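First the proteins, then the strands, lettered A, B, ... as listed; each starts at 1. Side chains are part of it too, since the values below use all heavy atoms of this structure and drop only hydrogens, waters and symmetry mates. Please read all numbers here as calculations on a predicted model, not as lab measurements.
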Protein chains: 2
Amino acid sequence: MFSKACEYGLRAATYIALQSLDGRRVSLKEIADKIDSPIAFTAKILQLLSKNNIVESVKGAHGGFEITRTKMDKLKLSEIVNAIDGDSIYAGCGLGLKECNANKPCPVHSKFVDIRNDLREMLENTSLYEMTAGLEVGLTFLKR
Amino acid sequence: MFSKACEYGLRAATYIALQSLDGRRVSLKEIADKIDSPIAFTAKILQLLSKNNIVESVKGAHGGFEITRTKMDKLKLSEIVNAIDGDSIYAGCGLGLKECNANKPCPVHSKFVDIRNDLREMLENTSLYEMTAGLEVGLTFLKR
DNA sequence: TTCTAATAGGATAATTTTGTCCGATTTAAA
DNA sequence: TTTAAATCGGACAAAATTATCCTATTAGAA
Ligand code: FES
Ligand code: FES
């Protein structure tokens, strides 16, 4: 569904948000450890998220990653997915035609658009803050 | 969503079904041309579909690929997807945890399972025969 | 000021996916 | 029986994705 990069990105952003709620800035090392991701690859993804103004990075000693409460409230998962995977999930044809186009649809188009729209709406309506809800109380997890 | 191999496989199977409706066995060359796919790669995928009893292949001169009417009626898209991409679409976690597990869910699990189930149901309820419906009358397309 | 802990970023490597090539095999038709 | 048209299957190649390594840069703290 999503690329590995995108999966790591979503998990990383969620962990950063969770810790930022407690005012804790987190290091790359801690993030990779807590979401069980390859550390150097995760660094690249966080650079990308930082450039896209999704998380804030602070260099130097006592540096790390954080995200403000207002930001995580406004920020939707779709923005993270978009920054990493682009719009292929929303725009791509299920059978791989160059573009999904209702005027020249593939045989699965009519059935496929609904599912894709549900996914899009889910991502556009879910904030990063919502993602942290179950984590503190141990109802949801970022690694296993 | 699906791998390239799977996209080609679905398009190829659909084209074979369409031509089989007219009793026409089709060659690899014709298939690749009509669905706009790399010919040698498509050959590999058709071998796989043939081994999985999804299409029938006939070797030698006047050979090619075909699928019986009864078969294309019974055959669901899920079987094609499964043969090529496995069950990752149905079983995989949206955030990339090793397995999707409702007892230890990731933060998107509850929202994600519905979408994934819709996709699964769509694939399990759509027959290959249905795929051919719009093609003859030019309502749907396998390439663009 | 100097040291140390941290991210930034470029180069590179490994792996997976996608794609090609070619000879072997099969079968119908000349 | 020979030939030609077709799939099969193994080896190989290219491209994309995933992942690592190393140096530079930054900034807090001693
Ligand atoms: S054209 Fe294929 S999904 Fe829209
Ligand atoms: S655990 Fe992540 S989708 Fe089910």
Under 3.5 Å, side-chain donor or acceptor atoms of residues 38-52 of chain B against the rest of the protein: list the pairs with distances, not counting sequence neighbours.
{"unit_1": "Thr42(B)", "atom_1": "OG1", "unit_2": "Ser37(B)", "atom_2": "OG", "d": "2.6"}
{"unit_1": "Thr42(B)", "atom_1": "OG1", "unit_2": "Pro38(B)", "atom_2": "O", "d": "2.6"}
{"unit_1": "Asn52(B)", "atom_1": "ND2", "unit_2": "Leu48(B)", "atom_2": "O", "d": "2.8"}

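- For Ser27(B) and dA5(D), the shortest distance from a side-chain N or O to OP1 or OP2 is not below 4.0 Å.
- Not a single donor-acceptor pair under 3.5 Å links the side chain of Arg25(B) to the backbone N or O of Ser20(B).
- Applying the salt bridge (charged side-chain N to carboxylate O under 4.0 Å, His left out) test to Arg116(B) and every residue at least two apart in sequence or in another chain returns nothing.
- Taking atom CG of residue Asp85(B) and atom P of nucleotide dT16(C), one finds them 16 Å apart after rounding to whole Å.
- A salt bridge is absent between Lys29(B) and Asp33(B): the closest approach of a Lys/Arg side-chain nitrogen to an acidic carboxylate oxygen does not fall below 4.0 angstrom.
- Applying the salt bridge (Lys or Arg N to Asp or Glu O under 4.0 Å) definition to pairs two or more places apart or across chains, those involving residues 104-115 of chain B are Glu130(A)-Lys111(B).
- Residues from residues 14-21 of chain A placing a heavy atom under 4.0 Å of any atom in DNA chain C do not occur.
- Residue Val137(B) is found in a hydrophobic cluster whose other members, listed by chain and number, are Leu139(B); membership requires side-chain heavy atoms under 4.5 Å apart, directly or through intermediates.
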Scan nucleotides 25-30 of chain C nucleotide by nucleotide, 5' to 3', and note B when protein non-hydrogen atoms come under 4.0 Å of the base, S if they reach only the sugar-phosphate, - if neither.
BBBS--

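- Looking only at distances, a side-chain donor or acceptor of Thr140(A) sits under 3.5 Å from a matching main-chain atom of Leu135(A).
- A donor-acceptor pair under 3.5 Å links the side-chain atoms of Arg11(B) to the main chain of Leu95(A), judged by distance alone.
- Rounding to whole angstrom units, CG of residue Leu48(B) and P of dT17(C) are separated by 14 Å.
- For the helix from dT1(C)-dA30(D) to dA30(C)-dT1(D), the angle separating the two terminal helix axes comes to 10°, with each axis derived from five pairs and the value rounded to 10°.
- Distance CZ (Arg25(B)) to P (dA6(D)): 11 Å, rounded to an integer number of Å.
- OP1 or OP2 of dA8(C) sits under 4.0 Å from a side-chain N or O of Ser57(A).
- Listed pair Tyr8(A) / dT18(D) fails the phosphate criterion, with no side-chain N or O lying under 4.0 Å from OP1 or OP2.
- DNA chain D is contacted by Pro38(A), Ala40(A), Phe41(A), Lys44(A) of residues 28-45 of chain A, taking any non-hydrogen atom closer than 4.0 Å.
- Side-chain N or O atoms of Lys98(B) include none that pairs as donor or acceptor with a backbone N or O of Lys143(A) at under 3.5 Å.
- If you check dG9(D), dA6(D), dC8(D) against the side chain of Phe65(B), the one that comes closest is dC8(D).
- Spacing between atom CG of Leu46(B) and atom P of dT18(C) amounts to 15 Å, rounded to whole angstrom units.
- Atom CZ of Phe2(B) and atom C1' of dT18(C) are 18 Å apart (whole Å).
- Residue Val113(B) shares its hydrophobic cluster (ILVMFWY side chains chained together at separations under 4.5 Å) with no other residue.
- OP1 and OP2 of dT7(C) both lie 4.0 Å or more from every side-chain N or O belonging to Gln47(A).
- Other members of the cluster containing Leu97(B) do not exist, because no ILVMFWY side chain is joined to it at under 4.5 Å.
- The NZ atom of Lys4(B) sits 11 Å away from the P atom of dT17(D) (whole-angstrom rounding).
- By the salt bridge (charged side-chain N to carboxylate O under 4.0 Å, His left out) test, Glu136(A) pairs with no residue at all, sequence neighbours left out.
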Show me the side-chain donor-acceptor pairs of residues 75-94 of chain B shorter than 3.5 Å, one per line, residues at least two apart or across chains.
{"unit_1": "Lys76(B)", "atom_1": "NZ", "unit_2": "Lys74(B)", "atom_2": "O", "d": "3.1"}
{"unit_1": "Glu79(B)", "atom_1": "OE2", "unit_2": "Lys76(B)", "atom_2": "N", "d": "3.0"}
{"unit_1": "Asp85(B)", "atom_1": "OD1", "unit_2": "Ser3(B)", "atom_2": "OG", "d": "2.6"}
{"unit_1": "Asp85(B)", "atom_1": "OD2", "unit_2": "Ser3(B)", "atom_2": "N", "d": "3.1"}
{"unit_1": "Asp85(B)", "atom_1": "OD2", "unit_2": "Ser3(B)", "atom_2": "OG", "d": "3.4"}

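- Between Glu66(B) atom CD and dT7(D) atom P the separation is 12 Å, expressed in whole Å.
- One N or O on the side chain of Thr132(B) and one on the backbone of Tyr129(B) form a donor-acceptor pair closer than 3.5 Å.
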